[in-house]
Amino acid sequence: MSGGGTETPVGCEPAPGGGGKKKDSLGFAGSPAHLIIKDLGEIHSRLLDHRPVIQGETRYFVKEFEEKRGLREMRVLENLKHMIQETNEHTLPTCRATMQDSLNQVLQRLQAATDSVCRLQQREQERKKIHDDLLIAREKQHETQWEDFMKEQHGKQAEVDGEHRKALEKLREQYAEMEKGLARFSTF
């Protein structure tokens with residue numbers, strides 16, 4: 001090496017006749033380089049190594065957070081307990097009573113509506129039965145009238161046919177007489 005200092009052999013043993021000073025890995029223990037490196041290590045740990053400070057701050061934050069959170073949660077739980085008791089003691093019975101009253105009224109109205117619908121249905125069935133009976137009676141009456149009409153028409157047809165036959169016979173006789181009279185006149 002260059003420089004004015006003494007060289008240390010590879011095994012970090014003092015050179016023969018080198019005095020009795022103790023060496024560490026970076027050089028002599030009292031050397032200025034050793035002191036600077038030691039100071040730099042302390043500065044580094046204070047400025048850049050914040051683990052102890054952060055751990056302390058973390059413990060403080062967790063402690064404060066748990067205390068505040070614990071108090072806040074206790075207040076929330078107390079409020080919930082109070083609300084549940086209020087609901088169980090006052091609101092729920094009031095709602096239950098109101099529901100019972102309303103449900104009874106609704107059931108009564110429903111029963112009345114059901115009865116009205118049944119009555120209307122019965123009336124409608126009776127009207128339909130009466131209407132159907134009237135239709136059947138009218139249909140029978142029309143059939144009877146039609147049969148009577150057809151019988152009357154057959155009777156009239158027979159009467160007209162008889163009169164027609166008589167008139168035809170009369171005309172035949174008349175024409176026969178006229179032919180006889182013409183035959184008499186045609187012999188002249």
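Between the CG atom of Leu80 and the CD atom of Gln85 there is a distance of 11.5 Å, given to the nearest 0.5 Å. In this structure, the separation between OG on Ser102 and CG on Leu107 is 11.0 Å, given to the nearest 0.5 Å. Put simply, OG1 on Thr114 and CZ on Arg119 are 10.5 Å apart, with the number rounded to the nearest 0.5 Å. Distance check: His154 NE2 to Asp161 CG gives 11.5 Å after rounding to the nearest 0.5 Å. Taking CD from Gln100 and SG from Cys95, the interatomic distance works out to 12.5 Å, rounded to the nearest 0.5 Å. Taking CG from Leu103 and CG from Leu110, the interatomic distance works out to 10.0 Å, rounded to the nearest 0.5 Å.
Two residues are said to be in side-chain contact when any heavy atoms from C-beta on lie closer than 4.5 Å; Arg127 and His131 fail this criterion. The side-chain heavy atoms of Gln145 and Asp148, taken from C-beta on, include no pair separated by under 4.5 Å.
A salt bridge is defined here as a Lys NZ or Arg NE, NH1 or NH2 lying under 4.0 Å from an Asp or Glu carboxylate O, and Arg75 with Glu78 fails to meet this definition. Contact check on Arg165 versus Glu169 returns no salt bridge, with no Lys/Arg side-chain nitrogen under 4.0 Å from an Asp/Glu carboxylate oxygen.
Around atom NE2 of His82, no more than 12 heavy atoms belonging to other residues, nucleotides or ligands sit under 6.0 Å away. Atom CE of Met178 has 12 or fewer neighbouring heavy atoms from other residues, nucleotides or ligands inside a 6.0 Å radius.
Counted by atom type alone, Asp101 and Gln105 present zero donor-acceptor pairs between their side chains at under 3.5 Å.
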Item checked: Verdict with reasoning, Val106 to Arg109, per side chain to side chain contact (heavy atoms under 4.5 Å, CB included) -> CA-CA 5 Å; Val106 167; Arg109 289 179 183 173; 5.7 Å; no
Apply side chain to side chain contact (heavy atoms under 4.5 Å, CB included) to the pair Phe149 and Gln153, showing each step before the final yes or no. CA-CA 6 Å; Phe149 175 74; Gln153 290 300 319; 3.2 Å; yes
- Does the pair Arg59 and Lys63 meet the rule for a side chain to side chain contact (heavy atoms under 4.5 Å, CB included), with working shown? CA-CA 6 Å; Arg59 279 191 223 109; Lys63 182 180 172 187; over 6 Å; no
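Screening Lys129, Gln121, Lys128 for a side-chain contact (heavy atoms from CB on, under 4.5 Å) involving Gln125 leaves a single residue, Gln121.
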